[in-house]
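Some notes on the structure that comes next.
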Amino acid sequence: MKKDGIKDRIEKLRKEIEEHNYRYYVLNQPIISDFEFDLLINELAALEKQYPEFKTSDSPVEKVGSDISREFQQFPHKYPMLSLGNTYSEEELRDFDRRVKKSIEKPVDYVCELKYDGASISISYKNGILERALTRGDGTAGDDVTANIKSIKTIPLRIESVDIPDEFLVRGEVLMPRDVFYELNDERIANNLPPFANPRNAASGTLKLLDPEIVATRKLECLFYFLLGENLPFDNHFQNMKKVASWGFKTDVSMRLCKNIEEVLDFIREWETARKKLVYDTDGVVIKVNSIGQQSVLGTTAKSPRWAIAYKYKAEQALTRLISVSFQVGRTGTVTPVANLEPVLLAGTTVKRASLHNADQIELLDLHYGDLVYVEKGGEIIPKIVGVDTSSRRPGSKPVTFIAHCPECGTPLQRNEGEANHYCPNYLHCPPQLKGRIEHFISRKAMNIEGLGEETVDLLFSKNLIRNVADLYDLKTEQLLPLERFAEKSASNIIGSIEKSRNTPYHKVLYALGIRHVGETVAKTLARRFRSVDDLINATVEELTTVDEIGPKIASSIVAYFNDKENITIIDRLKKAGLKLSEEKEPENKEPLLTGKNIVVSGVFRHHSREEYKEMIERFGGKNSSSVSGNTSFILAGDNMGPSKKETALKLGIPLVSEDEFLKMIGEENHTNNMM
Ligand code: IVH
């Protein structure tokens, strides 16, 4: 290559790497695999080494990626938060061992741990009390996410053990167990929010939420892998980590002391498949020199310690050809590009299609029709294209471009500023959007109409028998019988299930309507506060936003839904069909123990949700208010209550009532005892 060409390549690589760093650390939406990313880094490092004249001080090779966001206050790390050198090969691991031995004359013990795939965190403790939690940030300073970290139940807020140093730091990985991740994504999809790509993104996205109360609901965990400080209990990592575990921190159960590199390789082989049974995602093994004295002799580079290395398990990949790209229109009108591939075997299954996410990814991959592409099944369920073999590109092949019109109804597509997805705005008439709303309505978590599935909806739709959810309740057995795939029995079964669905509880009907951003949880909350759909129809954005969990986005979506005449017509028809569009029985009228009391509920609670407490207050004759004032009778205060509320309460002399005290007040004491 000519020198100019090399300089261009270096600049292009740097830009690409920065872009991927930003996507990974800040947006939590990476579009290439770690392996692919490491290839870019390696290529850049090699070029910079060969052509030092093109090296710059801000090269991403020397830097750890940054997760710093503007919403949080930053604090410097007492000890820099370094990254780790990576390898995918046994040979390079042996090289690492040789390098270590060269500097250390005595025998070297290694500690092997799994490399957990989450978001790293550094937490300081002073006199046994959790002081501050920082994200990695740029390695020198990180975002203060203390309030969020405090809402993770398994992280000790105070350590009772007597054998702790006055001051120390623990570092670890914040993780979301896989089942929690699936649950969260189901809920996000139901609420028309983009799902997280994998548990790692979900964990780091959650850590950067601005409301610790929501963080608390996300069931994060944290595994610790590092103890730092001036007066550590032992002079080696292994015993220190055992100590950390005895103080009440969760640590890696797989951690093992190895006498030599062969034992390290055994560990790596053993865990290659065993790790898949763990509830957290892992992507490799971290190998650390055990002795802290030896660690100091080895020292660090600007980016990573010389005494540790990460061996990464390779995600299974396959190379295949891109045949075409289809554009699918979803229930909410979002258009998703899907790659159609020459079938290829990958991790035990044949892959024919792969997700392409959105227009940006197509562009970033620089995808052309007929390209040979790398597909990978990472932590995700749907395989994705992670790279293109541009060297084998056929001359004259056409680049893949995003479509301008809806493939289903021809409406020009829209893309909102700052959003990654294109969508079809033809909400009222675009067939997949109409069908999608019916499919959502009949689904298990909504009206649960058994015997009706996607294919039947398709068929009934194509025969013009249904256009919206209200049409379902006008269907007659005689209309179904002439259709292929229906016999007397199946037709009457379906009509029977539709009949049965009229008894579905009100909150499920609300969820089934498919109002944008109204998932199961929000629907339940709405049903509790607005006892009938008519109350909800009349609610303003202001009224809606006084309800917990309902922000302006959800509120305006609800108002917009009910402002649409077609939706009101459908609701009227559903009412006539006998669906439950209001709460049936009034809540028990308990003694008005709280009459005349103005109560503010704040913080995270153990026995009931915040919304349940608000409901209880109303049931007992009290009034909820959202801000503390001279009028406030008391604050029902949970953990992590808002600091400004606390301050105002102190200033005005308003009492704080704990969860347990409150339950006693209303005579629900039994709760307080059995939880101890
Ligand atoms: S030790 C100086 N141990 O991997 C040593 N890191 O690429 C610093 N990680 O930022 C890290 N599991 O977020 C260490 N058992 C483990 C780990 C681990 C996951 C993460 C950590 C770190 C990144 C390095």
Open item on the list: Could you check whether any side-chain heavy atom of Val286 comes within less than 4.5 Å of a side-chain heavy atom of Tyr225, counting everything from C-beta outward?
Closed with: no
Open item on the list: Within the supplied structure, the quantity of interest is the number of heavy atoms (other residues, nucleotides, ligands) at a distance under 6.0 Å from Lys126 NZ; does it exceed 12?
Closed with: no
TODO: May I ask you to decide whether Arg94 forms a salt bridge with Asp97, counting only side-chain N to carboxylate O separations under 4.0 Å?
DONE: no
Open item on the list: Testing the basics here: between Phe402 and Asn358, what is the closest heavy-atom pair and its distance to 0.1 Å?
Closed with: CE1-C, 4.3 Å
Task: Full working for side-chain hydrogen bond (donor to acceptor under 3.5 Å, both in side chains) between Ser124 and Arg132 - done: CA-CA 5 Å; Ser124 55; Arg132 182 175 291 150; over 6 Å; no
Open item on the list: Apply salt bridge (Lys or Arg N to Asp or Glu O under 4.0 Å) to residues Glu131 and Lys150 and explain how you reach the verdict.
Closed with: CA-CA 10 Å; Glu131 183 192 35; Lys150 282 186 174 170; over 6 Å; no
Task: Salt bridge Glu48-Arg14, side-chain N to carboxylate O under 4.0 Å - done: yes
Open item on the list: Check this for me: does any side-chain nitrogen of one of Glu19 and Lys15 sit under 4.0 Å from a carboxylate oxygen of the other?
Closed with: no
Open item on the list: Just by distance, no angles: are the side chains of Glu342 and Thr320 close enough, under 3.5 Å, to form a donor-acceptor pair?
Closed with: no
Open item on the list: Among Asp371, Val344, Leu372, which residue satisfies the side chain to side chain contact (heavy atoms under 4.5 Å, CB included) criterion with Arg321?
Closed with: Leu372
- [ ] Using a strict cut-off of less than 4.0 Å between a Lys/Arg side-chain nitrogen and an Asp/Glu carboxylate oxygen, indicate whether Lys219 and Glu183 qualify as a salt bridge.
- [x] yes
TODO: Could you tell me whether a side-chain N or O of Asn290 sits under 3.5 Å from a main-chain N or O of Phe238, the two making a donor and an acceptor?
DONE: yes
Would you mind writing out the side-chain donor-acceptor pairs for residues 153-167 within the sub-3.5 Å range, not counting sequence neighbours?
from	atom 1	to	atom 2	distance (Å)
Asp163	OD1	Trp247	NE1	3.1
Asp163	OD2	Lys243	NZ	2.6

Task: Ion pair check, Glu272 and Lys314, cut-off under 4.0 Å - done: no
TODO: Start with the C-alpha distance between Glu43 and Arg9, add both sets of side-chain angles, then the distance that settles salt bridge (Lys or Arg N to Asp or Glu O under 4.0 Å), and finish with yes or no.
DONE: CA-CA 10 Å; Glu43 183 184 347; Arg9 179 70 192 149; 2.7 Å; yes
Task: Distance-only donor-acceptor check, side chains Thr206 and Arg218, under 3.5 Å - done: yes
Task: Qualifying residues under side-chain hydrogen bond (donor to acceptor under 3.5 Å, both in side chains), relative to Tyr88, sequence neighbours excluded - done: Asp38
Task: Contact list for residues 142-166, test ring-ring contact (aromatic ring centres under 6.0 Å, His included), sequence neighbours left out - done: none
Task: Ser151 and Asn148 side chains, donor-acceptor separation under 3.5 Å - done: no
TODO: Please check if atom CD in Glu105 has more than 12 non-hydrogen atoms from other residues, nucleotides or ligands closer than 6.0 Å.
DONE: no
- [ ] Scan for ring-ring contact (aromatic ring centres under 6.0 Å, His included) pairs involving residues 136-166, sequence neighbours excluded, and state none if there are none.
- [x] none
TODO: Measure across Asp138 and Thr140 and return the closest heavy-atom pair with its distance rounded to 0.1 Å.
DONE: OD1-N, 2.9 Å
TODO: Name all residues meeting the side-chain hydrogen bond (donor to acceptor under 3.5 Å, both in side chains) criterion together with Glu113; count only those two or more places apart in sequence or in a different chain, and write none if there are none.
DONE: His237, Lys288
Enumerate donor-acceptor pairs with a distance under 3.5 Å from any side-chain N or O in residues 249-260 to protein atoms, sequence neighbours excluded.
from	atom 1	to	atom 2	distance (Å)
Lys250	NZ	Glu221	OE1	2.6
Lys250	NZ	Tyr280	OH	3.3
Asp252	OD1	Tyr116	OH	2.6
Asp252	OD1	Ser254	N	3.0
Asp252	OD1	Ser254	OG	2.9
Asp252	OD2	Leu114	N	2.9
Asp252	OD2	Ser254	OG	2.8
Arg256	NH1	Glu270	OE2	3.3
Arg256	NH2	Glu270	OE1	2.8
Lys259	NZ	Asp109	OD2	3.3
Asn260	OD1	Glu262	N	3.1
Asn260	OD1	Glu263	N	2.9

Task: Donor-acceptor under 3.5 Å (Arg306 side chain, Leu298 main chain) - done: yes
TODO: Run the salt-bridge test on Arg178 and Asp281 with the 4.0 Å N-O cut-off and return the result as yes or no.
DONE: yes
Open item on the list: Does any part of the side chain of Leu175, heavy atoms only, come nearer than 4.5 Å to the side chain of Val279, both counted from C-beta?
Closed with: no
TODO: Give the intermediate values and the outcome of salt bridge (Lys or Arg N to Asp or Glu O under 4.0 Å) for residues Lys208 and Asp143.
DONE: CA-CA 9 Å; Lys208 292 294 184 86; Asp143 281 348; 2.9 Å; yes
Task: Side-chain heavy atoms of Leu356 within contact of Val338, under 4.5 Å - done: no
